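Only one structure is covered here, and it is reproduced in the block below.
What you see is a predicted model; the values in this text were computed from it and never measured.
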2 protein chains.
Amino acid sequence: MELRHLRYFKAVAENGGFARAARILRVAQSAISGQIHDLEEELGASLFDRAKRQIRLTYHGELFLKDAKTVLASPDCAHSAERYW
Amino acid sequence: MELRHLRYFKAVAENGGFARAARILRVAQSAISGQIHDLEEELGASLFDRAKRQIRLTYHGELFLKDAKTVLASPDCAHSAERYW
DNA sequence: TGAGGTTACGCCTATCGTAATAATG
DNA sequence: CATTATTACGATAGGCGTAACCTCA
């Protein structure tokens, strides 16, 4: 698992879809799809409910989103003006 | 920046050298050296003092180590038995 | 001279974009 | 028919190991 997985996952979760996340991150939909797939495989759990047209976070997805946000926001960079990432 | 950079950096810092970190992580020294180099370049600051034979954390290195540890320890995984990474 | 860090180089995997496909409203 | 997610596929980039080099006890 790498930070890229968390960034992509967070973008999808917060924007309600792969397509919108892809536009915002300026990558292809397929890149998002692949990374989310790998992430779900590594975690051994589905993160999104793909039944309907609009995806929804699963229970595991909700929990993992909290952790992802925590990680991505971790360093408050008291010693550095700009964010690390 | 990816989690790999943080893992390598933490290993070097906590084991007092690139060689020992490489042995523990089971990668080549050159892999460690390259990733630390990239990390320092991205941060725009040296993380280690290489003047003497044994390396030492710089001021920025000390600060960044705290952040790295925070990130790597972030998810307490209340909902999952095993660690994410 | 042996151990540690850096650099050069080639391999190999993984990520990416394009494009085609299926499904949904 | 427009939008969205998945999949196949080829190209590219990046991480890794090997090996050579330099430095220091």
Check: What is the nucleic acid contact for B:Arg20, judged by heavy atoms within less than 4.0 Å: base, sugar-phosphate only, or nothing?
Finding: nothing
Notebook entry, point to check: Taking atom C1' of D:dG15 as reference, at what distance in whole Å does atom CD1 of B:Ile36 sit?
Noted result: 14 Å
Next item on the list: Considering non-hydrogen atoms only, spot the tightest contact between B:Ala19 and B:Gln29 and give its length.
Entry: CB-NE2, 3.3 Å
Item checked: Euclidean distance, atom CD1 of residue B:Ile55 to atom P of C:dA3 [Å, nearest integer] -> 18 Å
Note to self: What contact category does A:Tyr8 fall into here, base, sugar-phosphate, or nothing, at under 4.0 angstrom with non-hydrogen atoms?
What the structure shows: sugar-phosphate
Check: Any donor and acceptor pair, going by atom type alone, linking the side chain of B:Gln54 with main-chain N or O of B:Gly17 inside 3.5 Å?
Finding: no
Notebook entry, point to check: Does anything in residues 23-31 of chain B reach DNA chain C, meaning a heavy atom under 4.0 Å, and if so which residues?
Noted result: B:Arg23, B:Gln29, B:Ser30
Next item on the list: Kindly write out the residues that satisfy side-chain contact (heavy atoms from CB on, under 4.5 Å) with A:Lys66, not counting sequence neighbours, or none if the list is empty.
Entry: none
Next item on the list: Could you tell me the separation between the CZ atom of B:Phe18 and the P atom of D:dC24, rounded to a whole number of Å?
Entry: 16 Å
Checklist line | Contact under 4.0 Å: A:Gln35 side-chain N or O vs C:dT15 OP1/OP2 | finding: yes
Next item on the list: With sequence neighbours excluded, tell me which residues meet side-chain contact (heavy atoms from CB on, under 4.5 Å) with A:Ala28.
Entry: A:Ser30
Notebook entry, point to check: Got a sec, which residues hit side-chain contact (heavy atoms from CB on, under 4.5 Å) with A:Leu25, two or more places apart in sequence or on another chain?
Noted result: A:Tyr8, A:Ala11, A:Val27, A:Ile32
Check: When the distance from CD of A:Glu40 to C1' of D:dT6 is rounded to whole Å, what number comes out?
Finding: 12 Å
Check: Taking atom P of D:dA13 as reference, at what distance in whole Å does atom CZ of A:Arg4 sit?
Finding: 16 Å
Check: Which residues pass the side-chain hydrogen bond (donor to acceptor under 3.5 Å, both in side chains) test with B:Arg50, sequence neighbours left out?
Finding: B:Glu40
Notebook entry, point to check: To the nearest Å, how far apart are A:Glu41 CD and C:dT15 P?
Noted result: 12 Å
Item checked: Qualifying residues under side-chain hydrogen bond (donor to acceptor under 3.5 Å, both in side chains), relative to B:Glu2, sequence neighbours excluded -> A:Arg7
Checklist line | Between the first and last five pairs of the helix from C:dT1-D:dA25 to C:dG25-D:dC1, the angle of the axes, rounded to 10 degrees | finding: 30°
Every protein N/O lying under 3.5 Å from an N/O of nucleotides 20-25 of chain C:
| residue | atom | partner | partner atom | Å |
| --- | --- | --- | --- | --- |
| C:dT24 | O2 | A:Arg53 | NH1 | 2.4 |

Notebook entry, point to check: Rounding to a whole Å, what distance do you find between B:Arg50:CZ and C:dT7:C1'?
Noted result: 13 Å
Item checked: Residue pair A:Ile36 / A:His5, side-chain heavy-atom distance below 4.5 Å -> no
Next item on the list: With sequence neighbours excluded, give me every ring pair (Phe, Tyr, Trp, His ring centres under 6.0 Å) pair touching residues 27-48 of chain A.
Entry: A:Phe9-A:Phe48, A:Phe18-A:Phe48
Item checked: B:Glu62: salt bridge (Lys or Arg N to Asp or Glu O under 4.0 Å) partners, not counting sequence neighbours -> none
Check: What's the closest nucleotide to the A:Ala19 side chain, out of C:dT15, D:dT6, D:dT4?
Finding: D:dT4
Note to self: According to side-chain hydrogen bond (donor to acceptor under 3.5 Å, both in side chains), does anything in residues 15-24 of chain B pair up with another residue at least two apart or in another chain? List the pairs.
What the structure shows: none
